[in-house]
Number of protein chains: 2
Amino acid sequence: MSSAGERWTAVNSAGYPAPVALAVDVVVLSVRRSELQVLLVDRPDATKALPGGLVGSEESPGGTAARKLAEKTGLDDLYLEQLATFAEPDRDPRGWIPSIAHLALVPAGTEPRDPAATWAPLSGLPPLGFDHATIVRTALERVRGKLWWSNIAVGILPGGFTMSEARVVYEAIAGTAYDPSTFARDLRATGLIEPEPAEPRLTRGRPARLYRFAEREPAWGHGRRKRLHG
Amino acid sequence: MSSAGERWTAVNSAGYPAPVALAVDVVVLSVRRSELQVLLVDRPDATKALPGGLVGSEESPGGTAARKLAEKTGLDDLYLEQLATFAEPDRDPRGWIPSIAHLALVPAGTEPRDPAATWAPLSGLPPLGFDHATIVRTALERVRGKLWWSNIAVGILPGGFTMSEARVVYEAIAGTAYDPSTFARDLRATGLIEPEPAEPRLTRGRPARLYRFAEREPAWGHGRRKRLHG
DNA sequence: AGAATAGTGTCTGTAAGACAATATGAA
DNA sequence: TTCATATTGTCTTACAGACACTATTCT
């Protein structure tokens, strides 16, 4: 790496300026303590930023994102989709570096493997470097927009969940409260989940039935028009 | 430009391989003869491709897309949004060139200014170069998905349209037929359009009232869950 | 008058919020 | 038994498809 303050450059074989590198940034979301949280990493200047890295010249950007996530969390099976590309020429002080932002959802109990990575609640984020606050906002819009139309929550609820657990996740993402019975009816009506034969959990009251998403890959359901935000 | 068959390369000032260039490709859609059509340009090898170009080192990708569209169509006020980025290392035989695909909607009567550009119906596209068939498919999904939830059709219906004209456009995008009265009721219910004080058109039967979208910039409406495809 | 297009009103099945009532297991 | 949680059922409003009916203008 070059020293701080130095701006990198690149030229192609035709003699024109080229992007210095291609980056990916990943908005990793999960639900912890009934709250939507995002994974942040410490930067040298003590601010926080999204996890990310540079795409190799023989690598697909999605592959880079998955590789970086495996380094930070130890997970190699997760919900990952491309979000949007941020490529304003001055977005990175190191030079012309377009970044392909990705969105990843990981199971509720995931702990960072990298000690520089920590979870932060989406409400009350610290100041973020680069244009990362914009990227996080875009990610929140995306996950809310798809919540009731796709199996996007399968990243947080990999399988064997109860309706109550699913409801906590959906409420944290949507930022609202759902009636338990109506929630169960409407989640079943999406056609995305199926009962799991496993034995029930050992909890306080009546044991709940377990469900899982039928598909682990991104898929669309029948679509419910459910209330979002308060 | 280099001669065909030669693969470009680039290195950055740290000595690592860099992307050769950053491209934009634009899926320009309109409704012509009650059909959804896309703007294609001829390539040197006689195949067709999406209009596009290289992003300058001091340029935003959206700016590049708008500039290219102005060259092809003479339009400078249109609905333009980012679609997705295609950056597989081998997607372009000229070298490592990520492409930020955009989606643009232009008014029904728009004729290409560039003689190499022609309209082609989405049903029955010719073979396209690169990964452009995938990009077009992604664009169709996007515009269908947003049709009844946003003012995305404002690009095709800039103002002073009748309900019948709007219905033709919505039907062409959705790929289905709507009942005229139900269509009008539900389009009004989106909250996105408003009556226009202009005088009615000179047509055969009873003259229709005119409407326009209240917002020309991308905006979300109340959302209707309407039938799509057959 | 008759044709053509625009717009209104009504009926019906489904979707979704609210909430009461019941079921099941642990303390 | 009492408490806590899960699940079922019902009521009500809004949404959206279908379609009959009325309105306005031109030929």
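All chains are named by letter (A, B, ...) in the order of the sequence lines, taking the proteins before the strands, and each is independently numbered beginning at 1.
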- Query: Just checking, A/Arg216 and A/Tyr79: is the charged tip under 6.0 Å from the six-membered ring centre and within 45° of the axis?
  - Reply: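 No; the conditions do not both hold, so A/Arg216 does not lie above the ring face of A/Tyr79.
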
- Lys/Arg cation over aromatic A/Phe161: A/Arg167, 6.0 Å, 45° cone: no

[N] base / [X] side chain donor-acceptor hit below 3.5 Å:
{"X": "A/Arg225", "N": "C/dA15", "answer": "no"}
{"X": "B/Thr182", "N": "D/dA18", "answer": "yes"}
{"X": "B/Asp179", "N": "D/dC19", "answer": "yes"}
{"X": "B/Arg185", "N": "D/dG17", "answer": "yes"}
{"X": "A/Ser181", "N": "D/dT7", "answer": "no"}

- Task: For residues A/Trp148 and A/Trp220, establish whether the separation of their ring centroids is below 6.0 Å.
- Result: no

- Query: Of the nucleotides C/dA15, C/dG7, D/dA16, which has the atom closest to the A/Arg224 side chain?
  - Reply: C/dA15

- Message: Which nucleotide wins on minimum distance to the side chain of B/Arg206, given the candidates D/dT24, D/dA16, D/dA18?
- Response: D/dT24

- Checking all strands, does A/Arg167 fall into the base, sugar-phosphate, or nothing category for heavy-atom contacts under 4.0 angstrom? nothing

- Query: When we call it a touch if two heavy atoms are under 4.0 Å apart, what does A/Ser164 touch: a base, just sugar-phosphate, or nothing?
  - Reply: sugar-phosphate

Whole angstroms only, please: what is the [atom1]-[atom2] distance between [X] and [N]?
{"X": "B/Arg227", "N": "D/dC15", "atom1": "CZ", "atom2": "C1'", "result": "14 Å"}
{"X": "A/Glu165", "N": "D/dT7", "atom1": "CD", "atom2": "C1'", "result": "16 Å"}
{"X": "B/Met163", "N": "D/dT24", "atom1": "CE", "atom2": "P", "result": "18 Å"}

- Nearest non-hydrogen partners of B/Ile135 and B/Leu83, listed with the distance: O-CD2, 3.8 Å

- Message: For B/Leu69, is there any backbone N or O sitting under 3.5 Å from a side-chain donor or acceptor partner on B/Thr73?
- Response: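 Indeed, once roles are kept as given, a pair shorter than 3.5 Å links the two residues.
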
- Think B/Arg209 has a side-chain N or O under 4.0 angstrom from the OP1 or OP2 of D/dT24? no

- Message: Assuming nearest nucleotide by heavy-atom distance, tell me which of B/Lys226 and B/Arg204 is located more 5' along DNA chain D.
- Response: B/Lys226

